[in-house]
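Right, one structure below, let's go through it.
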Amino acid sequence: MSNKREHALDTKLIHFGSEVDAHTGAASVPIYQASTFHHHDIYNPPVHDYSRSGNPTRQALEDYIAVLEGGARGLAFSTGMAAISTTFMLLSSGDHVIVTEDVYGGTYRLLTTILNRLQIETTFVDMTQLDAVKAAIQPNTKAVYMETPSNPTLKITDIYAIATWAKDNGLISIVDNTFMTPYYQRPIELGVDIVLHSATKFLGGHSDVLAGLAVAATTELGQQLKYLQNGLGTVLGAQDSWLLIRGMKTLGARMAHSEISARKLAAWLDSREDVPSVYYPGLSNHPGREVQERQSTGFGAVVSFDVGSADRAKKLLNQVKLPIVAVSLGAVESILSYPPMMSHASMPAEVRQERGITDGLLRFSVGLEDIDDLIADLEQALNHSKS
Ligand SMILES: *Cc1c(COP(=O)(O)O)cnc(C)c1O
């Protein structure tokens, strides 16, 4: 053991390696807005020669997320879906993957309408049931893909249990860590091979940039992902890389503030007779609470709740004044979504019902507003939407 104390995440968010420019001392990573790089000496090619293959601003971001997740290598992509689709290109025709049944809608679409054409086969299972995951294995299974908490009903998967089983069976384990971020959950420390993010959400945090990130636990997997990122060309540009770095510096402060508010909001909603169900892993009656407490240091800033009917949900959406009514989550402003008409509109109604995505379900991503103002606003909207 070295006697150098490892920094806490709050410190790593500020001191991540390239926070000061080595050439000038500038207190921010420069934006290298260049597609190509001059060879000063043809016998000694530059470190970066073309920005699809490598760009110093993107590199700073990639090293940053690797530090935060505790992985060997980070990679930055143009969107969360670019990170996810590039990662699935680790698989080949004829391979099989086990995926959580309430996976993000875009990932579901990728697997069921695009990758299926390449003979990549998927089995969707309820990942809260380890036995169901084990039962889904086939001779051609290559990977297991988790998302926890899931969206929008916030079910919790036991990351360590599944990653350990995956390792024993020679499978690559992957976690979409968008909802928790490394601030609350670091899957690589629990044995996972690859962590993915839609950095468009909490990591960026300001509803102003689309981006995706991947972190590989090992150098080998990192090299494979790097090869795919360059080969497919799914990279993040220099400007957006810089914007994301800027957003990520305040991740800790934003998450901590929003989470305290989310806990209050969930408790308040839970106490109301006219709100039939509330989904938040921090509530004592949440079935995944124990696992969540074991594998994460917080419960996050997303609260889902059912107001009883589609009619009431729509009235409420037209009545709220503070949150923006929109797709997406994880920003400084609160975002209220209506999954049945937004993120999960393409899912057949029966499948939605089965997965608990009822017609009265709303998803509240808590921002940085004063929580009493948010609750007062929601209270007037709830009262005005009673039929
Ligand atoms: C938004 C989201 C994605 C997709 O990310 P984009 O940046 O929109 O491509 C993937 N997974 C989760 C959990 C998300 O919320």
Side-chain angles (χ1 to χ4, degrees), residues 9-10 13-14 149 151-152 154 178-185 199-209 243-244 246-286 289 292 296-307 312-339 342 360-386:
L9 200 85
D10 273 322
L13 281 166
I14 309 302
N151 178 19
L154 304 165
T178 299
F179 271 48
M180 281 294 114
T181 80
Y183 187 71
Y184 284 131
Q185 179 169 285
T200 310
K201 316 294 170 52
F202 290 103
L203 290 170
H206 294 72
S207 299
D208 56 10
V209 61
L243 259 179
L244 190 50
R246 179 176 156 92
M248 282 164 65
K249 289 178 182 177
T250 56
L251 178 73
R254 288 185 286 104
M255 286 306 274
H257 181 116
S258 290
E259 204 232 21
I260 292 171
S261 297
R263 289 184 193 214
K264 281 192 194 160
L265 178 71
W268 177 78
L269 283 166
D270 203 38
S271 73
R272 281 187 70 108
E273 308 260 292
D274 63 337
V275 178
S277 10
V278 183
Y279 305 90
Y280 184 64
L283 287 174
S284 55
N285 59 6
H286 189 288
R289 170 148 180 165
Q292 182 69 13
S296 316
T297 52
F299 303 110
V302 178
V303 181
S304 294
F305 57 103
D306 192 307
V307 292
R312 189 168 184 218
K314 289 178 197 168
K315 280 188 186 152
L316 184 146
L317 288 165
N318 273 354
Q319 194 66 39
V320 288
K321 305 283 184 287
L322 287 177
I324 64 165
V325 174
V327 168
S328 200
L329 56 110
V332 290
E333 68 279 0
S334 290
I335 303 179
L336 186 57
S337 301
Y338 183 40
M342 296 178 178
L361 192 74
L362 294 163
R363 189 188 71 200
F364 202 117
S365 166
V366 183
L368 299 182
E369 302 92 338
D370 180 273
I371 186 57
D372 295 331
D373 288 342
L374 288 175
I375 287 177
D377 183 33
L378 203 52
E379 181 163 40
Q380 66 79 22
L382 279 166
N383 292 340
H384 279 91
S385 60
K386 276 186 191 148

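No experiment lies behind these values; they were computed from the predicted model shown.
Between the Arg289 side chain and the Gly282 main chain, a donor and an acceptor come within less than 3.5 Å of each other. In this structure a side-chain-to-backbone donor-acceptor pair under 3.5 Å is missing from Tyr279 to His286. Formation of a donor-acceptor pair under 3.5 Å by the Glu369 side chain with backbone atoms of Ser334 is found in this model. Although no hydrogens or angles enter the test, the distance criterion places no donor-acceptor pair under 3.5 Å between the side chain of Arg272 and the main chain of Glu379. With hydrogens and angles ignored, the 3.5 Å screen pairs a side-chain donor or acceptor of Gln380 with a backbone N or O of Asp377.
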How far apart are the C-alpha atoms of Met342 and Val325, what are their side-chain angles, what is the distance that settles it, and do they pass the side-chain contact (heavy atoms from CB on, under 4.5 Å) test? CA-CA 10 Å; Met342 296 178 178; Val325 174; 3.9 Å; yes
Could you go through Phe179 and Gln185, starting from their C-alpha distance and side-chain angles, then the distance that decides it, and tell me whether this counts as side-chain contact (heavy atoms from CB on, under 4.5 Å)? CA-CA 9 Å; Phe179 271 48; Gln185 179 169 285; over 6 Å; no
Quick one, Thr250 with His206, criterion side-chain contact (heavy atoms from CB on, under 4.5 Å). Give me CA distance, side-chain angles, the key distance, then yes/no. CA-CA 11 Å; Thr250 56; His206 294 72; 4.2 Å; yes
May I have the step-by-step check of side-chain contact (heavy atoms from CB on, under 4.5 Å) for Phe202 and Val302, ending in yes or no? CA-CA 11 Å; Phe202 290 103; Val302 178; 3.9 Å; yes
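Atoms CG and OH, on Leu9 and Tyr184 in that order, are 11.0 Å from each other to the nearest 0.5 Å. How far CD1 of Ile375 is from CG of Leu382: 11.0 Å, rounded to the nearest 0.5 Å. The CD atom of Glu333 sits 8.5 Å away from atom OG of Ser365, with the distance rounded to the nearest 0.5 Å. The structure places CD1 of Ile335 at 8.5 Å from CZ of Arg363, a figure rounded to the nearest 0.5 Å. Separating the CH2 atom in Trp268 from the CG atom in Leu378 is a distance of 4.5 Å, to the nearest 0.5 Å. Here the straight-line distance linking atom NZ of Lys201 with atom CG of Leu203 works out to 10.5 Å at 0.5 Å rounding.
In the displayed structure, Lys264 atom NZ is contacted under 6.0 Å by at most 12 heavy atoms of other residues, nucleotides or ligands.
Residues satisfying the side chain to side chain donor-acceptor pair (under 3.5 Å) criterion with Ser277, sequence neighbours excluded, are absent altogether.
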